[in-house]
Amino acid sequence: MKVGVLGSGDVAKVLAAGFKKHGHEVKIGSRSPAKLGDWIAQNAGISSGTFAEAAKFGELVMLAVKGAVASEALDLAGAGNIAGKTVIDACNPIDDAPPDKGVLRFFTDINESLMEKLQRKFSDARFVKAYNSVGSGLMINPQFAGGRPTMFICGNDEAAKKQVQQINEQFGWETADMGGVEAARAIEPLCMLWCLPGFLRNDWVHAFKVLTK
Ligand SMILES: NC(=O)c1ccc[n+]([C@@H]2O[C@H](COP(=O)([O-])OP(=O)(O)OC[C@H]3O[C@@H](n4cnc5c(N)ncnc54)[C@H](OP(=O)(O)O)[C@@H]3O)[C@@H](O)[C@H]2O)c1
């Protein structure tokens, strides 16, 4: 599959390399693609471009930009370039204010998530929340003694979620589908929980797993 990754930070780079590792064709996008030059040189086979070029290239689009500017980044990507496509949304609505005793602050309200705003504005795209509640270093094929961790996902489009489930399997995750886009109100704050041991005890090596009978 052709994957357009929007973002130039750690998450975008890790996921772009992960897609490439699993046989996908990848273009990574930034407002300033030139800044990815060194990274592209070390990651043979991945190309770079603007947000619009990466979005247009992708049959599937991975959104991994600062949450506060996710809407602007998608404007630059172009609504037409993401229409009808699965958009995996790893963004968290983290505020610029520092954490409060290790608890991240959000700029969203508990009754309306970032992904709902994005889905409403870019109504022809098929958003699926995923990869927002684990650190970038553990996103691709993490190894835990307790087995495969759980990736919580949600979104309105069943076919898009099936696609993400298949990617999760490649990336070493089991999937827990939490329903429609509104469930992002619960999934986005999982990043607060995930980060707490990090801020409190410098422990960043963990992932969530759901136990079922
Ligand atoms: N860090 C983690 O381990 C982790 C884990 C899970 C989820 N997340 C979430 O994943 C997302 C990416 O995190 P990150 O740490 O890799 O990167 P980040 O520093 O949060 O975001 C960097 C990206 O944001 C874009 N950006 C910044 N200002 C912009 C603007 N005004 N307009 C358009 N784009 C703008 C940058 O674009 P340019 O390339 O053009 O500069 C860059 O691609 C965030 O939403 C974060 O909450 C992070």
Side-chain angles (χ1 to χ4, degrees), residues 1-94 114-115 117-132 134-141 151 153 155 157 159-168 170-171 173 184 188 191:
M1 195 167 39
K2 287 180 157 184
V3 181
V5 178
L6 307 184
S8 62
D10 288 345
V11 176
K13 287 174 177 164
V14 161
L15 289 168
F19 279 111
K20 176 73 177 58
K21 172 183 159 185
H22 287 286
H24 303 285
E25 226 182 306
V26 182
K27 187 184 278 293
I28 185 166
S30 164
R31 288 169 300 173
S32 321
K35 77 171 162 195
L36 286 160
D38 289 347
W39 188 83
I40 289 288
Q42 290 158 16
N43 288 269
I46 299 179
S47 61
S48 62
T50 62
F51 284 138
E53 286 165 345
K56 190 171 183 182
F57 173 88
E59 296 159 315
L60 176 142
V61 174
M62 180 78 232
L63 180 63
V65 297
K66 189 175 177 197
V69 296
S71 176
E72 286 83 344
L74 290 176
D75 282 337
L76 293 171
N81 289 331
I82 59 169
K85 297 179 183 175
T86 300
V87 178
I88 306 179
D89 171 24
C91 301
N92 285 313
I94 298 171
L114 173 61
M115 194 169 84
K117 291 178 200 279
L118 298 177
Q119 182 65 81
R120 197 172 310 117
K121 180 171 171 185
F122 301 93
S123 56
D124 293 333
R126 306 185 296 162
F127 287 89
V128 179
K129 196 92 215 173
Y131 296 93
N132 71 298
V134 64
S136 57
L138 294 165
M139 287 178 177
I140 308 298
N141 305 106
M151 183 61 69
I153 72 167
D157 191 286
K161 287 193 285 190
K162 282 276 172 302
Q163 232 180 350
V164 176
Q165 183 170 354
Q166 286 169 6
I167 290 161
N168 291 345
Q170 291 186 319
F171 288 4
W173 293 80
E188 287 173 1
C191 86

* Asked: So which heavy atom on S136 is nearest to which on D10, and how close?
  -> OG-CB, 3.9 Å
* Nearest 0.5 Å please: distance from the SG atom of C91 over to the CG atom of L118. => 7.0 Å
* Asked: Is E25 close to V3 at the side-chain level, that is, under 4.5 Å between some pair of heavy atoms?
  -> no
* Heavy-atom side-chain contact between W39 and S48 under 4.5 Å -> no
* Go through the steps for Q163 and L60 under the test side-chain contact (heavy atoms from CB on, under 4.5 Å), then give the verdict. => CA-CA 9 Å; Q163 232 180 350; L60 176 142; 4.1 Å; yes
* Are any side-chain N or O atoms of K85 and backbone N or O atoms of N81, one a donor and one an acceptor, separated by less than 3.5 Å? -> yes
* **N/O donor-acceptor pair under 3.5 Å between S32 side chain and A34 backbone** => no
* Asked: Can you name the residues that form a salt bridge (Lys or Arg N to Asp or Glu O under 4.0 Å) with K117, not counting sequence neighbours?
  -> E112
* Taking atom NZ of K56 as the centre, report whether more than 12 heavy atoms of other residues, nucleotides or ligands fall under 6.0 Å from it. => no
* Asked: How far apart are the closest heavy atoms of A130 and I153, and which atoms are they?
  -> CB-CG2, 3.9 Å
* State, yes or no, whether a side-chain contact exists between I46 and L36 at a heavy-atom distance under 4.5 Å. => no
* Does N92 reach the main-chain N or O of N132 with its side chain, forming a donor-acceptor pair under 3.5 Å? -> yes
* Asked: Could you give the distance from CD1 (I94) to SG (C191), rounded to the nearest 0.5 Å?
  -> 4.5 Å
* Measure from the side-chain N and O atoms of R126 to the backbone N and O of D157, and report whether any donor-acceptor pair falls under 3.5 Å. => no
* To do: Could you tell me whether K121 and D75 have a side-chain N and a carboxylate O separated by less than 4.0 Å?
  => yes
* To do: State whether a side-chain donor-acceptor pair under 3.5 Å links K13 with N43.
  => no
* Asked: Is there a donor-acceptor contact under 3.5 Å from the side chain of E53 to the main chain of G4?
  -> no
* Could you state the interatomic distance from CD1 (I28) to NZ (K20), rounded to the nearest 0.5 Å? -> 13.5 Å
* With a 4.5 Å heavy-atom cut-off, do L63 and I88 have their side chains touching? -> no
* Asked: Which heavy-atom pair separates A184 from M115 by the least distance, and what is that distance?
  -> CB-CB, 4.0 Å
* To do: Provide the closest heavy-atom pair for V11 versus A90 in the form atom of the first, atom of the second, distance.
  => CG1-CB, 4.4 Å
* Asked: What closest approach, in Å, do A79 and F122 show between heavy atoms, and which atom pair accounts for it?
  -> CB-CD2, 4.0 Å
* State, yes or no, whether a side-chain contact exists between H24 and Q170 at a heavy-atom distance under 4.5 Å. => yes
* Assess whether side-chain contact (heavy atoms from CB on, under 4.5 Å) is satisfied between L6 and V61, documenting all intermediate values. => CA-CA 7 Å; L6 307 184; V61 174; 3.8 Å; yes
* Asked: When rounded to the nearest 0.5 angstrom, what distance separates NZ in K129 from CE in M151?
  -> 12.0 Å
* To do: Compare all side-chain heavy atoms of F19 with those of I167 and state whether any distance is below 4.5 angstrom.
  => yes
* E59 (side chain) donor-acceptor with M1 (main chain) under 3.5 angstrom -> no
* Asked: Heavy-atom count around K162 NZ within 6.0 Å, excluding the residue itself: above 12?
  -> no
* Verify, without hydrogens or angle tests, whether K161 (side chain) and G155 (backbone) share a donor-acceptor contact under 3.5 angstrom. => yes
* Asked: Could you walk me through whether L76 and R31 pass the side-chain contact (heavy atoms from CB on, under 4.5 Å) check?
  -> CA-CA 8 Å; L76 293 171; R31 288 169 300 173; 3.8 Å; yes
* Asked: Quick one: does T86's side chain get under 4.5 Å of F127's, heavy atoms only?
  -> no
* Would L15 and Y131 satisfy side-chain contact (heavy atoms from CB on, under 4.5 Å), going step by step from the backbone distance to the final call? -> CA-CA 9 Å; L15 289 168; Y131 296 93; 4.1 Å; yes
* Asked: Taking C-beta and beyond as the side chain, do K35 and S8 meet within less than 4.5 Å on heavy atoms?
  -> yes
